[in-house]
Number of protein chains: 2
Amino acid sequence: MRADAKKNYDRLLATAREAIAEHGADASLRDIARRANVGLGTLYRHFPTREALLEALLRANLDELTRQAERLETSDAPDVALTSWFRAGLAFTRTYGGVVSLMAAALEDPDSALHKSCTDVRSAGARLLQRAQAKGLARADIDGTDLFALMGALAWVGDQPAFSRRVDHLAEIIANALLER
Amino acid sequence: MRADAKKNYDRLLATAREAIAEHGADASLRDIARRANVGLGTLYRHFPTREALLEALLRANLDELTRQAERLETSDAPDVALTSWFRAGLAFTRTYGGVVSLMAAALEDPDSALHKSCTDVRSAGARLLQRAQAKGLARADIDGTDLFALMGALAWVGDQPAFSRRVDHLAEIIANALLER
DNA sequence: ACCTGAACACCGTTCAAGT
DNA sequence: ACCTGAACACCGTTCAAGT
């Protein structure tokens, strides 16, 4: 990448990080380009879709979430590992509002720039879940997609001002429900 | 209301019902006016906000949900009544996609046209919950807002194509979690 | 009393023209 | 190779002008 292109890329990403932290995943792309002092076409050149921009923004966090699952798999007790990871996933969610809807859509769309990161996270969670299920420490009637769905559901709760105060409490209830039976 | 105004009002509501069933709560208001063969200003005259339009659309359903809670309170066993109503609320949700986010926002905004309907539903649920809690049939650490939040969370799950197949199953798990302890 | 649609200020996306 | 911004097709919202 040419030096000037790299500079624009970096500035766009930094600006997008601010804008999306402030306005959520549906922040105005036009506004991001404007605040980055870059032409609108330049934004589209570097990030052809909103998903591509979010992928660049979230890749580090999502990879870390996947790696954390792998670490927990060899360290903690299966049930503790599962609920710890569940909470970590939810915590990630809180950095950018409204991001889980895009992630849910990306699971279904192989062409989405977010597809691989999201299916990786789902697989990582599924393995933690299966490990707990194998020891009889988690309920047997759920899978990795259910785990992802419940994390997304709680993220939605956290995104609503009317409910965000209660999200930790509700997360605990649901995390416990994963271990029942 | 003048006869011609009433006609426009009814046509707008019927068209909105179709459009919102098809495209969800953020359907284009312009498109609704267009499809109803009515000027855009006429839509705004009858429904000054999107919430006002949804209020007109949902009032009957939300009132019915509130009344259903009252009926269940005098008929069924407290725990059965609670979970039945929880499922009924979720079923209502499925008629129009994306409607729960507006409802959650309306809880926090006393000026929203949806405010009263939503707080009424919350109160109705809270009473069913308290009745079950008084008999030790529901967990004691949740309130009516939590109940609303969990319904909304499951509605969100139902709105995501990646998860909608699992929403009934996840609803059962969460409904059971309400009764624990 | 009610209706209309132009006007304004925003979007997302594309693409011809420039360096 | 990369950048720019006008152009296009959409929004939501308001309001002067009409009947």
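Note: hydrogens, waters and symmetry copies are ignored here, and every other heavy atom, side chains too, is used. Small disclaimer: the values here were computed from a predicted structure and weren't measured. Every chain is numbered from 1 and lettered A, B, ... according to where its sequence line falls, protein lines coming before strand lines.
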Within the structure, does a side-chain N or O atom of B:Asn8 lie under 4.0 Å from either OP1 or OP2 of C:dC2? no
Side-chain touch A:Leu128/A:Leu147, heavy atoms, less than 4.5 angstrom: no
Taking a pair as Watson-Crick or G-U wobble with both distances under 3.5 Å, which nucleotide is matched to D:dA16? C:dT4
Over how many whole Å does the gap from A:Asp10 atom CG to D:dC3 atom P extend? 12 Å
Quickly work out the B:Ile32 CD1 to D:dC10 P distance and round it to whole Å. 16 Å
pair A:Trp156-B:Val157: side-chain heavy atoms closer than 4.5 Å: no
Measure the distance from CE on B:Met1 to P on C:dC2 and round it to the nearest whole Å. 8 Å
Looking only at side-chain N and O atoms, does A:Arg2 come under 4.0 Å of OP1 or OP2 in D:dC2? no
Rounded distance (Å) that lies between atom P of C:dA1 and atom NZ of B:Lys6: 19 Å
Does the distance from a Lys or Arg side-chain N to an Asp or Glu carboxylate O, for B:Glu70 and B:Arg67, drop under 4.0 Å? no
Mind checking if A:Ala3 touches a base, just sugar-phosphate, or nothing, with heavy atoms under 4.0 Å? nothing
Compare side-chain N and O positions of A:Arg30 against OP1 and OP2 of C:dC10 and report whether any pair is under 4.0 Å apart. no
Got B:Thr83 and B:Leu178 here, is their nearest side-chain heavy-atom distance under 4.5 Å? no
Given D:dC11, D:dT4, D:dG12, which nucleotide is nearest the side-chain atoms of B:Tyr44? D:dG12
Measure the distance from CZ on B:Phe47 to C1' on D:dT14 and round it to the nearest whole Å. 18 Å
Would you kindly give the CZ-to-C1' distance between A:Arg35 and C:dC10, to the nearest whole Å? 16 Å
Rounded to whole angstroms, how far apart are CG on A:Asn37 and C1' on D:dT4? 13 Å
Is the shortest side-chain N to carboxylate O distance from A:Arg94 to A:Asp168 below 4.0 Å? yes
Please tell me if B:Arg34 has a side-chain N or O lying less than 4.0 Å from either OP1 or OP2 of D:dC10. no
By the 4.0 Å heavy-atom rule, please label B:Arg45 as base, sugar-phosphate, or nothing. base
Taking only the side-chain nitrogens and oxygens of B:His46, find out if one of them lies under 4.0 Å from OP1 or OP2 of C:dC2. no
Hey, which sits more toward the 5' end of DNA chain D by its nearest nucleotide, A:Tyr9 or B:Arg50? A:Tyr9
Looking at side-chain heavy atoms only, is the closest gap between B:Arg35 and B:Glu18 below 4.5 Å? yes
When rounded to whole Å, the NE2 to P distance for the pair B:His23 and D:dC11 reads 10 Å
Which residue lies toward the 5' end of DNA chain D, A:Asp4 or B:Leu40, if each is placed at its nearest nucleotide? A:Asp4
Of all the choices, C:dG12, D:dG12, D:dC2, which nucleotide is nearest to the side chain of B:Ser28 once you look at every atom? D:dG12
Among the nucleotides D:dA6, D:dT13, D:dC3, whichever has the atom closest to the side chain of B:Leu29 is D:dT13
Across all strands shown, which nucleotide pairs with D:dA9 by Watson-Crick or G-U wobble geometry, both distances under 3.5 Å? none
